[in-house]
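Below, chains carry the letters A, B, ... as their sequence lines are ordered, and counting in each starts from 1.
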Amino acid sequence: MRLSYAFIPTLKEIPADATMKSHQLMLRAGLMRQLTAGVYAFLPLAYRAMLKAMEIIREEMNAIGGQEFHLPALNPESLWVTTGRRNIPNLILSIKERDLVLAPTHEEVIAWLAAYHIQSYKDLPQIWYQIQTKFRNEPRPRSGVLRGRQFIMKDSYTLDATWEGLDASYQAHAEAYRKIFRRCGLDFFEVGASSGAMGGTGSQEFMIESPSGEDTVVLCPKCGYAANLEIAESALPPLERKSETKPLEEIHTPNVRTIDELARFLKVDQTRLAKSVVYQHDGKPLLALMVGNDELNEAKLTAALGAGEVKPIPTEELLALTGADGGSIGPVGLKNFRIIADRRLKNANGMISGANRNDYHLGNIDFTRDVTLEGFHDLRTVESEEPCVSCNSPLKVSNAIELGHIFKLGTKYSEALDATFLDENGKAQPVIMGSYGIGVERIIACHIEQSHDEHGIVWNKALAPYDLHLIAANMNHEETVKISAGLYEELREIGVEVLFDDRTNVSPGFKFKDADLMGMPVQVIVGERGLKERKIEIKRRRSGERTLVPIQDAVGAIRKMIAD
RNA sequence: CGGAACGUGGCGCAGCCCGGUAGCGCACUUGCUUGGGGUGCAAGGGGUCGCGGGUUCAAAUCCCGCCGUUCCGACCA
């Protein structure tokens, strides 16, 4: 491509609305423009990189037997009502003129197709995938393309007759994902993840570490344990049971509200205190008990309760329900509440918690004697430096960006849409599904996050929009024009993707700055300076290392440089 | 959805407090100049000051409403 004809609007100044490096550089290097919040127009340079990422994905999906589909973005609203996903908050965007919605993902359409055409166990297994635009009603798009309302996703769906089959399909995807992200040159890691409202029995995320990431992950630098904070565990021990268990006593605690205040007021360790956290689950009051200032993890709470919506209780209602305000609520004698507790409290005694009477707490609570609760679950949020569950080394908590997510879905959608097949015994069984997503824009943005410098993007070979940036330093110099144009043609003929800066009205300095900003892995500079010695210059973008080579050796040297 | 900020030529911003001719840098056009790290000089073109209403002789500026965008939080199949 000759730059004199190309549409690559680079920007000298940093766009004010962009905070992340990848976002700034994608705008500055002329990759994209924002149309409206969370919606971007991808310009030719970006689209070339995206096509490369998509082709890598396609190859690896095909390699595990995937079949590519093109599925409708417009779905009948009723389809989503059937699976109960129509009213999930912030999920679906709908159109005004008809009862159609914009598909945020395609489990429904896949299950619909399977319901029609998968009849027998002999039709299974299947791997169906698509690389398409999806739409979500994101309340707050942010970080450039990292969280948009419209985005391209590779989604695949597996259909299996058995749970063992699902395991195999899932493992095949995990391996394919490793290959995809490795080929894209991303420094990624995997974590165990929550399957959340998707339902299902297992899930893993593929992440890159980034301070601007929206996910929080727990990592063990020693043994490699890695999990999303939503499910991460640590080896923090349960409370020890005291040998002596005393009768309950009421303690006057005027104006003491928080766990910190209570510990200070009573001069006891926070582990002697049981914190009450109140919620409503499907509208019914729920008390969750935590040790001291352990932070309750809502994802874990939701998982522990199974289906249903977990919400805070409005403070006005709280007083009516318990007879006390937030700081004085406790499990003993509390009526109308379901009670569950963090597993660290199992068998604990000698504990202090709210008395359900303002300004009073109860001491000597024995969880086996005084509290009637539904069960103990892991509800707490892991914190940095806690011991690893598998090797006891200190854990690290980091932010991360999710590149891909794989789920063992099970039969949730096949049951809802009646996608069944007849097994060997002639019995109808729901198809067992898996679903596996990769964000295409995220691959690009994450690569840029991990590969840039003060001058601009540093594309790797796999994703670079062009292999080579050829610069004619001065188009008023006849020989420069002749040699550079000749090189351009020759390189194109042997299949090198060349971006040729043949602009006549731009100074050499400007061209160099633009080339560094756009970031092709190799730059070739043809200019008066080198031509005096019958040489051209090859520069590696990443290291800045320059080599002068004689004109007659140029094509060979360039080819070699591009290859490694 | 809670909190905050911003909206002025294509981009980045000043002007607003204290109402009175709309300004700067970059980009763009023309001419000359320069030609290896965003050349220099000169002359130009381009703005309903987000939208609507109000106050006023007079509104980019003050007041009210709306819209948009961004940031923090909530949320994030």
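Counting any heavy atom pair closer than 4.0 Å across all strands shown, A/P89 reaches no nucleic acid atom. Counting non-hydrogen atoms under 4.0 angstrom, A/E108 reaches nothing in the nucleic acid. Counting non-hydrogen atoms under 4.0 angstrom, A/M153 reaches a base of the nucleic acid.
Comparing the C1' positions of B/C62 and B/G73 gives an interatomic distance of 32 Å, to the nearest angstrom. When the P atom is used for both B/C64 and B/C6, the distance is 15 Å, rounded to whole Å. Separating the C1' atom of B/U69 from that of B/C51 is a span of 15 Å, rounded to the nearest Å. For the P atom pair drawn from B/C1 and B/C66, the interatomic distance equals 12 Å after rounding to whole Å. For the P atoms, the distance from B/C16 to B/A58 is 22 Å, rounded to whole Å. For B/G52 and B/A14, the C1' atoms lie 27 Å apart once the distance is rounded to whole Å. Atom P of B/A74 sits at a distance of 48 Å from the matching atom of B/U29, rounded to the whole Å. For the P atoms, the distance linking B/A22 with B/G47 amounts to 13 Å, nearest Å.
Each of A/P139 and A/I14 lies near RNA chain B, and the nucleotide nearest A/I14 is the one positioned closer to the 5' end. In this structure, A/P15 and A/S143 both approach RNA chain B, and ranking their closest nucleotides by distance from the 5' end singles out A/P15.
The CZ atom of A/R147 sits 13 Å away from the P atom of B/A74 (whole-angstrom rounding). Here the C1' atom of nucleotide B/C1 and the CG atom of A/L91 are 17 Å apart, to the nearest Å. Separating the CG atom of A/D155 from the C1' atom of B/A77 is a distance of 10 Å, rounded to the nearest angstrom. When the P atom of B/A77 is taken as reference, atom CD1 of A/I406 falls 16 Å away, rounded to whole Å. The CG atom of A/N87 sits 19 Å away from the P atom of B/C75 (whole-angstrom rounding). At whole-Å resolution of the value, NE2 in A/H405 and P in B/C76 are 13 Å apart. Taking atom CG of A/N399 as the reference point, atom P of B/C72 lies 12 Å away to the nearest angstrom. The CD-C1' distance, from A/Q34 to B/U70, rounds to 9 Å in whole Å.
The nucleotide B/U21 finds no pairing partner, because no Watson-Crick or G-U wobble arrangement with both distances shorter than 3.5 Å includes it. With a 3.5 Å ceiling on both atom-pair distances, B/U61 lacks any Watson-Crick or G-U wobble partner. Both distances falling under 3.5 Å, in either a Watson-Crick or a G-U wobble arrangement, occur for no nucleotide opposite B/U39. With a cut-off of 3.5 Å on both pairing distances, the Watson-Crick or G-U wobble partner of B/C1 is B/G73. A 3.5 Å limit on both hydrogen-bonding distances identifies B/C28 as the Watson-Crick or G-U partner of B/G44.
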- Spell out protein contact along nucleotides 34-44 of chain B as letters: B when the base is contacted, S when just the sugar-phosphate is, - when no protein heavy atom is under 4.0 Å; keep the 5' to 3' order. -BBBBS-----
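Not a single donor-acceptor pair under 3.5 Å links the side chain of A/K154 to the backbone N or O of A/Y129.
An OP1 or OP2 oxygen of B/U70 is reached within less than 4.0 angstrom by no side-chain nitrogen or oxygen of A/T19. Contact annotation: A/R140 reaches the phosphate of B/C71 (side-chain N/O to OP1 or OP2, under 4.0 Å).
Between A/F407 and A/H405, the two ring planes are parallel [angle under 30°; tilted spans 30° to 60°].
Checked against salt bridge (charged side-chain N to carboxylate O under 4.0 Å, His left out), A/K513 has no partners two or more places apart in sequence or in another chain.
Here A/R178 pairs with A/E190 in a salt bridge; the nearest charged N to carboxylate O distance falls below 4.0 Å.
With contacts defined as side-chain heavy-atom distances shorter than 4.5 Å, the pair A/L286/A/L301 qualifies.
With no hydrogens or angles considered, no side-chain donor-acceptor pair links A/E449 and A/S210 at under 3.5 Å. Under the 3.5 Å distance criterion, with hydrogens and angles disregarded, no donor-acceptor pair is assigned to the side chains of A/H23 and A/S143. For the 3.5 Å distance criterion, the side chains of A/Y436 and A/T158 qualify, holding a donor opposite an acceptor.
For the side chain to side chain contact (heavy atoms under 4.5 Å, CB included) criterion with A/S212, the lone passing option out of A/M20, A/K21, A/R142 is A/M20.
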